[in-house]
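Encoded as C-alpha cells, the structure appears first; notes follow it.
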Amino acid sequence: MTGAALPQDPAGSALPRVVVAAPASGHGKTTVATGLMAALRRSGLRVSGHKVGPDYIDPGYHALVTGRPGRNLDPHLVGPDRIVPLLRHGARDAGRTADIAVIEGVMGLYDGHIGGDGFASTAHVARLTDTPVILVVDISHASRSIAAVVMGMAAYGPDLRIAGVVLNKAGSVRHSDEVRRALAPLGIPVLGVLQRDDNVTAPSRHLGLVPAAERPDAARSLDHLADKVADAIDLEAVVRIGRSAPPLKGPAWSPREALGDGTPGGDDDDGKVRPLIAVAGGRAFTFRYAETVELLEAAGCSVAPFDPLADERLPEGTAGIYLGGGFPEVHAAELAANEPMLRSLRAATSAGVPTVAECAGLLYLCRSLDGVPMVGAVDADAAMAPRLTLAYRRSVAASHSVLAAAGTEVTGHEFHRTAVTPPAGGDTEPRPTGADPAAATATASASDAGADPGAASAWTSSAGAEGFVTGSVHASYLHTHWAGYPVLAARFADRVRRYALKS
C-alpha cells in the first residue's frame, strides 16, 4: 500500500472511514482500532482517530499513534446533528483531510443509552455517518458458534453494513481456521486473526485503561501493536472498505461559527492582547476534549498548558484557569508535595481568576484528597469511594457562575470513584430555564467581580444537587462537551476577558 493521498472531491466531503465495533465490551475494540490506526499511519496514510461515547482514555492512545488529537463522537453530549460536522472537523489537520478515519465504538455494537432504543450506540453513530463496520470478535471461548454471533449482529441491524470481521484471541491456527469455515457462508470476509498475546493489552485500574500520558512505555507498546496488526490484518482490505463509504453531507464543524458572530470575546482582529487561560495537563490531568481549547481560542483567548505536578506557578499573565479530568487520586501525594503550585492556585482563585474545574479539577481544588492537602479553593474534602459513578446527566445550572447562567440546561456525564464531603452547598433550587438576570442578582454580580458570595451548587439533575460555585470558581463532577454547548465557552471566555481588563 502506498502513502499517496487519496483523491478528494471538490467539496472535500469524501472521507474514507470505518467503524471498529464488537458484540460486547472486552472483545478487543481498543486493541484493534488503535493498532489499525498505528499500522495505517506507518504505511504512509494520514489517519484520524475517533471514539464513540464520552471516554477520554482511548482518544489519548489514538492521538499517540496518529499524531493528531483524538476526537469523541457522542450524540448525547453534542446532539446527533453535530456528529458528521465534528467527524469532518476532526479529520482535517493543517488544512488537509485525513486519508482514512478510524472510529472506535463503545460497548456492544447496539448498546446505547438504557431506555433510548440504542441512542448514542456505535450503531447509531455508524448510521449517522453512513460508515461501514468492522466487527471484532473474541473467539477464545468458542469456534463455530462465532458464526451465529456474527450472523445475529448483521441481521439485527439490516440498515448497517458489517463489511468485515477480525478474529481476536485465537488459541491456534487450527482454532481460527474452524471459525473461518463457519463464517464463510455468511459472505462477510475475515480481515485478519490476532493470536493471544499479552503484550498487546494495556494495563488498567479503577476507571479503565491507564492513560497513555501516564505510561512511559506507551509508545513502545503501540509500536509492537502496530507490528502485530500489520502482520495479522489485511490493511489494503480495510482501506478498500473505508473507501466504499459514501461522501459525507454538510460542512465541517467550526469553532468560530459555533460561537456565532456576535459572541462577546471573539477573535481580536484589532491587535488587542488575548487574555491567557492556563489549562492543566501532565500525568494527573489527561482528560479534556480537543474542541474545548479550540473554542476558547476562537473566542479570543490564548491557551497555555501547565503541569500541576511539575510546575511551581501558573503561567505568567494567567487570567483564567481550566482544570479538566484525570487521575489526581493516583498522584495525590505528588500534587500535595508541590506546595508552590498549591500556593499559586490559592492566590489566583482568591484573587478572583475565573476558574472551571471538571471532576479531577474539583478534587484538586478541595481542601484535601484522601487525607493529603490540596488547593482549598472549595470548602470540601474528597476521598476514594467504594462504588463507581458512571452516568449521563441532564443537568441545570443551579446558580450563576463563570461557566453558566442560572437555568442553563446541558447534557454531561460523570465518571469517577471518589466522593466529596459535603456533596454540594448553598441554594440547590434551579432557576427557570433561560433566566439570566446577571446584572440584577447579588450572586451574579459578585461572581463576575471575583468576590465570594457564598458557596452554591453548580448543577442540579435527577441525581440531586452537585458541584460548587464559590466566587469565581465553578467546580463539579460533571463533564460537558463544549461543542454541544458553545455558550459555556463563550461565557467563560467573556469572564476571563473581564478579569484581564480589570487586572
* How long is the gap from CG on L87 to CH2 on W253, to the nearest 0.5 Å? ->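 If we round to the nearest 0.5 Å, L87:CG and W253:CH2 are 13.5 Å apart.
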
* From H124 NE2 over to L73 CG, what is the distance, rounded to the nearest 0.5 angstrom? ->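 Here the interatomic distance stands at 11.5 Å.
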
* Asked: Going through the checks in order, is the side-chain contact (heavy atoms from CB on, under 4.5 Å) test met by E291 and V78?
  -> CA-CA 11 Å; E291 293 82 2; V78 302; over 6 Å; no

* Asked: Given the rule in the side chain to side chain donor-acceptor pair (under 3.5 Å) test, do E294 and H89 qualify, once you have shown the distances and angles that lead to the verdict?
  -> CA-CA 11 Å; E294 293 168 348; H89 171 72; 2.9 Å; yes

* Should the ring pair Y477 and H416 be called parallel, tilted or perpendicular, given that the plane angle runs from 0 to 90° and is split at 30 and 60? ->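 Parallel: the ring planes of Y477 and H416 meet at under 30°.
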
* Given S368 and D381, is the side chain to side chain donor-acceptor pair (under 3.5 Å) satisfied, shown in steps? -> CA-CA 5 Å; S368 67; D381 298 289; 2.6 Å; yes

* Answer with yes or no after comparing the ring centroid distance for H76 and H413 against a 6.0 Å cut-off, counting only values under it. =>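 Here the rings of H413 and H76 have centres that are no less than 6.0 Å from each other.
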
* **Validation row, ring centre H481 to ring centre Y289 under 6.0 Å** =>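 Yes, close enough.
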
* Pick one: which of F492, Y322, W459 meets ring pair (Phe, Tyr, Trp, His ring centres under 6.0 Å) with H474? ->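 When ring pair (Phe, Tyr, Trp, His ring centres under 6.0 Å) is applied between H474 and each of F492, Y322, W459, only W459 qualifies.
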
* Going by atom types only, do E312 and S344 share a side-chain donor-acceptor pair under 3.5 Å? ->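 Side-chain D/A pair, E312 to S344: absent.
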
* Asked: Can D74 and Y392 be counted as having a side-chain donor-acceptor contact under 3.5 angstrom?
  ->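 On atom types as modelled, these side chains qualify, holding a pair under 3.5 Å.
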
* Quick one: does N168's side chain have a donor or acceptor within less than 3.5 Å of a partner on H27's backbone? ->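 Looks like yes, one N/O pair under 3.5 Å.
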
* Polar side-chain atom of S399 near backbone of S457 as donor-acceptor pair, under 3.5 Å ->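 Yes, S399 side chain to S457 backbone: donor-acceptor pair under 3.5 Å.
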
* D307/R283 ion pair, N-O < 4.0 Å ->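 Salt bridge flag = no for R283 with D307.
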
* Are R393 and E466 within salt-bridge range, i.e. N to O under 4.0 Å? ->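 Here R393 does not pair with E466 in a salt bridge, since their nearest N and O are not under 4.0 Å apart.
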
* Under 6.0 Å from the CZ atom of R346, do we count more than 12 heavy atoms belonging to anything else shown? ->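 Count over threshold, so yes.
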
* Can you find a pair of side-chain heavy atoms, one from L363 and one from E329, that are under 4.5 Å apart? ->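 Answer yes - side chains close enough.
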
